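The block underneath contains the structure these notes are about, expressed in structure tokens.
All of these numbers come straight from a predicted model, not from anything done at the bench. Chain identifiers are assigned alphabetically (A, B, ...) following the order of the sequence lines, protein sequences preceding nucleic acid strands; residue numbering begins at 1 within each chain.
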Amino acid sequence: MVNLEDLKKEAKRILEEGKIKYIIGYERSPNGMMSMPAFIKNPEDAERLTWDPSCVYNLTRFLVDEKRRKAKEKKPDTRPVAIVVKGCDSRAVVVLLQEKFINREDVYILGVSCEGAGVVDEKKLTEKLKGKKADKIEFSEKDHFLITSDGEKIKIPAQEILAERCLECRANFPVIYDEVLGEKVERRPEDPFKSIERIESLSKEERWAFWKEQLDKCIRCYACRSVCPMCYCDECVVDTISFAVAADTTAEEKAQKIKWIERSPDSSENFVYHLVRAIHLAGRCIDCGECERACPLDIPVRLLNKKLEKEAKELFDYEVGFDPEKPSLASSFKDDDPEDFIR
Amino acid sequence: MKRTGVFVCHCGINIAGTVDVKKVAKELSRHPGVAHAEEYVYMCSDPGQNLITEAIKEKKLDNVVVACCSPTLHETTFRNTSKEAGLNEFQCEIANIREQCSWVHKDMEKATRKAIKITKSAVERVRRNESLEPISIPVTRRALVIGGGIAGIQSALDLANSGYEVVLVERSPSIGGHMIQLSETFPTLDCSQCILTPKMVEVSKHPKIKLLTYSEVQEISGYVGNFKVKILKKPTYVDPDKCTLCDECTKVCPVVVSNEFDIGLTGRRAIYIPFPQAIPATYTLDIKSCPGLLPIACGKCADVCEPEAIDYDMKPDIIEEDIGAIIVATGYDLYDKGLMAEYGYGKYLDVLDGLQFERLCSASGPTQGKIIRPSDHKEPKEVVFIQCVGSRDPELHCAYCSKICCMYTAKHAMLYKHHVPDGQAYIFYIDIRSGGKGYEEFVQRAVEEDGVLYLRGKVSKIFEDKGKIKVWGVDTLTGKDIEIDADMVVLATAMRPSQGAGELAKKLKIAMDKDGFLSEAHPKLRPVESVTPGMFLAGAAQAPKDIPEAVAQASGAAAKAVAILSQERLFHAPTVAQVNLNLCTGCGMCVEVCPYVSLSLKDGKVEVNEVLCEGCGTCSATCLRAAIQVKNLTPLQVHEMIDASLGGR
Ligand SMILES: Cc1cc2nc3c(=O)[nH]c(=O)nc-3n(C[C@H](O)[C@H](O)[C@H](O)COP(=O)(O)OP(=O)(O)OC[C@H]3O[C@@H](n4cnc5c(N)ncnc54)[C@H](O)[C@@H]3O)c2cc1C
Ligand code: SF4
Ligand code: SF4
Ligand code: SF4
Ligand code: SF4
């Protein structure tokens, strides 16, 4: 099991050495069950760091923000940023490297192993505690969580409150790191695509009805895109508001920024938004589930990406985020592709 | 607003039979910005083109849409017309209302509606076209021919005789290819070596031909007119200028290996000359069979070589050449015998393949043209020839027909009868394909004059029994089982692309078909061109073929290469990719997908090599951020086209 003290010690050490700009990690939230992102600059603050099953966030999105910030600075601090990543999150780092969005020397990766467990699903936990608040969520043995609620300690089998994606996870150990804490535990999900089975079993009409109902709820707040580490485009093709028009943008350039969809959140526009986003994430989404978690309307956006992940696996034997040297799905090409129109 | 002219072609009834062309013209004349619209029976005809020229001048048109056939056919015609009338040629676009409309629909009303939409979207597109000038590039006026079989030899000679320098690269120690192994050739039965060796000598003597044997293309870069080629010349360890062909070295060489020229029927030494008329006329030390030069393990050959032609220190050489056009003539190999175990090939000495039989018949062969059994050197009295071995067998072997086996099997049976008049030749066949000048007559002659027995059917089993090779089969015409106690069996095995052709094709970036033969750009209209500009195909590398066809294609490929080499400069379409640097994140996905290798990353952004870019648009389709787009087919233009076809305008 990851020893939190080791993590703090390591964090303190690298900050003291001065080779790291700051650490992106997790800390306990003063109000709420789940841990929250922490940005640690001073060695003495390393104490604040935490690692427990409530560390659900994928912090790699902050690497995107860091890159943006740095680009604007006149004299940027070029030291690497350290980041705490779970197995799934580490795959996001791999994709960012693969797409050359970040350089390997710009990150110091502190991997943590999820071992036999993973992170909790806040809703499942709340349900389990019948509305009570958990004060503390800890790993216990290899496949249980230890919850402290109202001074009472309860042991819950991990399977019962794990986040959906953790049940289907194929990377419970970081795939890339500079330092790693915890054991590498072999754990294969029974069915990595179980969550989409139900929808796949529906008829075309039923599926349409399902998605229409779900996507009609979407208010296009773009939270799903904003948390996504892969949605790092400066201008999102399906969001006209993101189009940068500056004083020196020519009329021709302006005309080239095409409004493929309207801002209005109605069925047809919402479908286009979500389908474009899903296609843009095919072969890039590492299933951290952040989009779904961030959605204020509980739309199961993750399922769209999961379906494409399955297609990529079945059609092209492609798995995202394991090898930064490999070309990404949309740009890989095999001479022996079974489809001869491609060859 | 820009003034657009629309010209709708009837294409006789090809379009007008399904599309109401008058209505298309009328509708378009009402479309905003269209200053002129008319229809005519054949726009591509002289009067048709004149209509366009006049309208451009009189109506002061800014751009033109011709609604007609596919742009692959007449885009150039109408762009030239527009240019002659004073427009930039890229102010002309084609609306394809034939292949994409009239030919694929029946309902006139619906087809007309669709034709109107297609034409309107072309109008919207052309309105935003940039005026562009072709990109001009210089030409290196030298050619590279890869493969020195009859096809490569013919191409090289044609090019050299047209006055261009040629580099001919052959991977084995001599040129000649498979033709030099053949005995007599159908349908005229002239001696193969006698007609080939004069051409080989001409190659070796030609001042314009640089012959690189025992060499292979290692690397290639650049583009049409300007290729850079790296060629690896393997060491032969013999200086051809000093070698006097005294043959002393082979007498002392202690190593004997199977002789590839006789397909294993004889042996050769580690130092050898492939055959007496080899070009270049010199010996080669085969380092794979020699017990070693580092340190020298034997050294006998150098000891006896009086002119001191043998140089154990010879090193591989990398030769770099600037080339304008390339012809690939890498030929074929016979189907791997290991895969033909069912016919006992490789197991029984007297089961031969076609090329081995050629060597047996050849006056210069191991038996001086006497047909005898390899096992006991006796004259075979009953010989069974089996056609389609490995060909036309989609389940287990090759699906295609190797095309030449019917003819050479008839030839083999005939030659056998000429050598052994009292023998009997049987041929198992599926059917006889003898299309070609004098070919059918040739097969008839085999049956009528030489009494060859054709048995229609497949062989089920071949096995050795008491010195005979038993062949069991069925005659499908009579339904009877057949058993022949043969003395020899000759298999007409399938022709395959030559070994290593796949890797070469990858280096050259030319496509292969499903069987590994090199793909022509168009099966009918561009049979000697590859899809890559400046690279041409000749001979059996492209598909199984016989000598006359290989030679014809070789001359065709040479003519195509001359069409490039004779130019001062080449022009490249300027409709190439361009990058919006603000949007490019440098992910490199487009770099990876570009089939023409025209993109690269520089300082975190992508850069286009305009000369290499073919404007295929693969990059645009891949970029998530719409950061790369092809000129005159920008996302905005596509958007406007979609809008127009959805009835937006
Ligand atoms: C048994 C038999 C009998 C035949 N009889 C007749 C006949 O009677 N009449 C007739 O018209 N046709 C006949 N043919 C067909 C004839 O052999 C071919 O049509 C002809 O040889 C094709 O010539 P080519 O130059 O395309 O290929 P090849 O003769 O195969 O020559 C290809 C050359 O390229 C070289 N090469 C290959 N790869 C590379 C590389 N990567 N780099 C450099 N060099 C390379 C090879 O070493 C070879 O020298 C017969 C064929 C067979 C099998
Ligand atoms: S799916 Fe949810 S998070 Fe995404 S835009 Fe719609 S409402 Fe916002
Ligand atoms: S949806 Fe596509 S364009 Fe938009 S931010 Fe995500 S990846 Fe970029
Ligand atoms: S795919 Fe787009 S963003 Fe990526 S390098 Fe190419 S142009 Fe730039
Ligand atoms: S248009 Fe085609 S050839 Fe040109 S850069 Fe893009 S992918 Fe390459």
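Within a 6.0 Å sphere centred on NZ of Lys70(A), heavy atoms belonging to other residues, nucleotides or ligands number more than 12. The neighbour count for Gln499(B) CD, taken as heavy atoms of other residues, nucleotides or ligands under 6.0 Å away, does not exceed 12. Other residues, nucleotides and ligands contribute at most 12 non-hydrogen atoms within 6.0 Å of the CD atom of Glu219(B). Other residues, nucleotides and ligands contribute at most 12 non-hydrogen atoms within 6.0 Å of the OH atom of Tyr177(A). Counted within 6.0 Å of NZ on Lys2(B), heavy atoms from surrounding residues, nucleotides or ligands total more than 12; the atom is thus considered enclosed.
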Can you give each donor-acceptor pair under 3.5 Å made by side-chain atoms of residues 597-606 of chain B, sequence neighbours left out, with the distance rounded to 0.1 Å?
from: Lys605(B); atom 1: NZ; to: Leu581(B); atom 2: O; distance (Å): 2.8
from: Lys605(B); atom 1: NZ; to: Cys584(B); atom 2: O; distance (Å): 2.7

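Between the CD atom of Glu592(B) and the NZ atom of Lys326(A) there is a distance of 12.0 Å, given to the nearest 0.5 Å.
For Lys100(A) against Gly586(B), the heavy-atom pair with the smallest separation is CB-O, 3.6 Å.
If you tally non-hydrogen atom pairs under 4.5 Å between each of Leu636(B), Val593(B), Asn582(B) and chain A, the highest count goes to Leu636(B).
Side chains of Glu235(A) and Leu583(B) form a contact here, defined as non-hydrogen atoms less than 4.5 Å apart.
For Gln637(B), no part lies under 4.5 angstrom from a heavy atom of chain A.
Below 4.5 Å, heavy atoms of chain B meet heavy atoms from Ala255(A), Gln256(A), Ile258(A), Lys259(A), Trp260(A), all part of residues 249-262 of chain A.
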